[in-house]
Amino acid sequence: LWGYELVYVSTDDHPAVQSENSDIIAVDLASSTYMGLQQILEREKKIMIHFSRKNILDNLPYALPPSRAAVKITDPKNLSVSALESITRLKDDGYQIVAGWVPEHKTCQAVYHLADMICLDVSDQILPELTAIFKALEPYHVAVLANHVDDQAYFDICTRAGISFFQGS
């Protein structure tokens, strides 16, 4: 087990809140009121949390310890120079950077070269497609996390494609 991806859940009628819509996430994380945060830290596992561009520019990832935090950038397309500078600082300060894979990957080279891990949605992918994507990822020297590995068949396909980190439902 590498770590846990945390999803921010609101206390009102909305079941889940994207972090770009709620800056309170940093306060919750820093005060350790986030459910299970202390247990994860004590087990020495990683905590992967999606931070919006605004959250990154506002330095919200710094509420987490760098040795245990992975900053997830779900949509790495068209990042501003200031966002890339902030991501570079996070990387230099010891945070792991996780980026979502997009078909237009050549437009994301700057962030992919900073990334430690790329998240790849494998739902509806077949082995030749995954193998081609895995090959396209080689220049970035990153680990690959397969998202939506919901059954043994997808697990087998991903392992044959060379993927070694998995997330299911």
Side-chain angles (χ1 to χ4, degrees), residues 1-8 16 18-21 25-26 29 40 44-150 154-169:
L1 178 66
W2 175 84
Y4 302 89
E5 181 171 11
L6 301 182
V7 177
Y8 188 80
Q18 291 292 330
S19 55
E20 62 263 40
N21 296 328
I25 189 172
L29 291 171
I40 294 169
E44 299 186 3
K45 299 298 179 197
K46 297 287 183 186
I47 304 163
M48 181 170 60
I49 299 178
H50 164 75
F51 287 97
S52 70
R53 295 166 195 219
K54 180 184 180 310
N55 294 157
I56 290 169
L57 290 170
D58 289 344
N59 295 315
L60 296 187
Y62 286 99
L64 295 167
S67 64
R68 297 282 171 251
V71 176
K72 185 176 182 182
I73 304 153
T74 305
D75 183 6
K77 296 184 305 250
N78 304 315
L79 290 172
S80 67
V81 170
S82 56
L84 284 170
E85 288 170 351
S86 293
I87 293 166
T88 301
R89 268 192 309 279
L90 287 164
K91 175 84 173 176
D92 291 345
D93 289 340
Y95 290 85
Q96 286 197 333
I97 305 301
V98 180
W101 174 255
V102 294
E104 313 86 10
H105 64 95
K106 292 188 181 196
T107 65
C108 305
Q109 289 183 358
V111 73
Y112 286 165
H113 281 292
L114 291 170
D116 298 286
M117 183 178 282
I118 302 291
C119 290
L120 173 61
D121 181 352
V122 298
S123 57
D124 300 324
Q125 299 278 350
I126 59 174
L127 183 58
E129 292 169 345
L130 285 176
T131 302
I133 292 169
F134 198 74
K135 182 118 177 101
L137 287 167
E138 285 178 1
Y140 305 116
H141 306 287
V142 293
V144 178
L145 169 66
N147 286 326
H148 304 122
V149 181
D150 296 330
Y154 269 109
F155 179 79
D156 293 342
I157 289 169
C158 291
T159 56
R160 279 184 284 198
I163 298 170
S164 55
F165 291 95
F166 309 93
Q167 181 183 52
S169 57

Notebook entry, point to check: In Å, rounded to the nearest 0.5 Å, how long is the span from CZ of Arg68 to CE of Met48?
Noted result: 15.5 Å
Note to self: Restricting to non-hydrogen atoms, name the atom on Leu127 and the atom on Ala161 that form the minimum distance, rounded to 0.1 Å.
What the structure shows: CD1-N, 3.8 Å
Notebook entry, point to check: Is the backbone of Asp75 close enough, under 3.5 Å, to the side chain of Arg53 for a donor and an acceptor to pair up by distance?
Noted result: yes
Notebook entry, point to check: What distance separates Leu57 CG from Glu85 CD, expressed to the nearest 0.5 Å?
Noted result: 9.5 Å
Check: When you check the gap from the basic side-chain N to the acidic O, do Lys54 and Asp58 get nearer than 4.0 Å?
Finding: yes
Checklist line | Pro76 and its side-chain contact (heavy atoms from CB on, under 4.5 Å) partner, picked from Leu114, Val111, Ile97, Ile118 | finding: Val111
Next item on the list: Looking only at non-hydrogen atoms, find the nearest pair between Asn55 and Pro61 and report the distance.
Entry: O-CD, 3.7 Å
Item checked: Heavy-atom closest contact (Tyr112 atom, Gly100 atom, distance) -> OH-O, 2.7 Å
Check: So do the side chains of Thr131 and Arg160 get within less than 4.5 Å of each other, counting heavy atoms only?
Finding: no
Notebook entry, point to check: Is the side chain of Asn147 donor-acceptor paired with the backbone N or O of Gln167 at a distance under 3.5 Å, no angle test?
Noted result: no
Notebook entry, point to check: What are the two closest non-hydrogen atoms of His105 and Tyr140, and how far apart are they?
Noted result: ND1-OH, 3.7 Å
Note to self: Quick check: closest heavy atoms across Ile163 and Ala146, and the distance to 0.1 Å?
What the structure shows: CG2-CB, 3.8 Å
Notebook entry, point to check: So do Phe51 and Leu90 actually touch side chain to side chain, heavy atoms under 4.5 Å?
Noted result: no
Next item on the list: Can you measure from OG (Ser67) to CD (Gln96) and round to the nearest 0.5 angstrom?
Entry: 10.0 Å
Item checked: Donor-acceptor pair, side chain of Tyr95 and main chain of Leu64, under 3.5 angstrom -> yes
Note to self: Would you say that Ile87 contacts Val71 through its side chain, given a criterion of any heavy-atom pair below 4.5 Å between the two side chains?
What the structure shows: no
Next item on the list: First locate atom CD of Glu104, then atom CG of Asn78, and finally report the distance between them rounded to the nearest 0.5 Å.
Entry: 9.0 Å
Note to self: Rounded at 0.5 Å granularity, tell me how far CG in Leu130 sits from CD1 in Ile157.
What the structure shows: 7.0 Å
Checklist line | Distance, nearest 0.5 Å, that separates CD1 of Ile133 from CD of Glu138 | finding: 13.0 Å
Note to self: Can you tell me how the ring of Phe166 sits relative to the ring of Phe155, calling it parallel under 30°, perpendicular over 60° and tilted otherwise?
What the structure shows: tilted
Next item on the list: Of all the heavy-atom pairs spanning Ser86 and Ile56, show the shortest one and how long it is.
Entry: CB-CG2, 3.6 Å
Note to self: I'd like to know if the side chain of Tyr154 reaches the main chain of Asp124, judged simply by a donor and an acceptor atom lying under 3.5 Å from each other, with no hydrogens or angles considered.
What the structure shows: yes
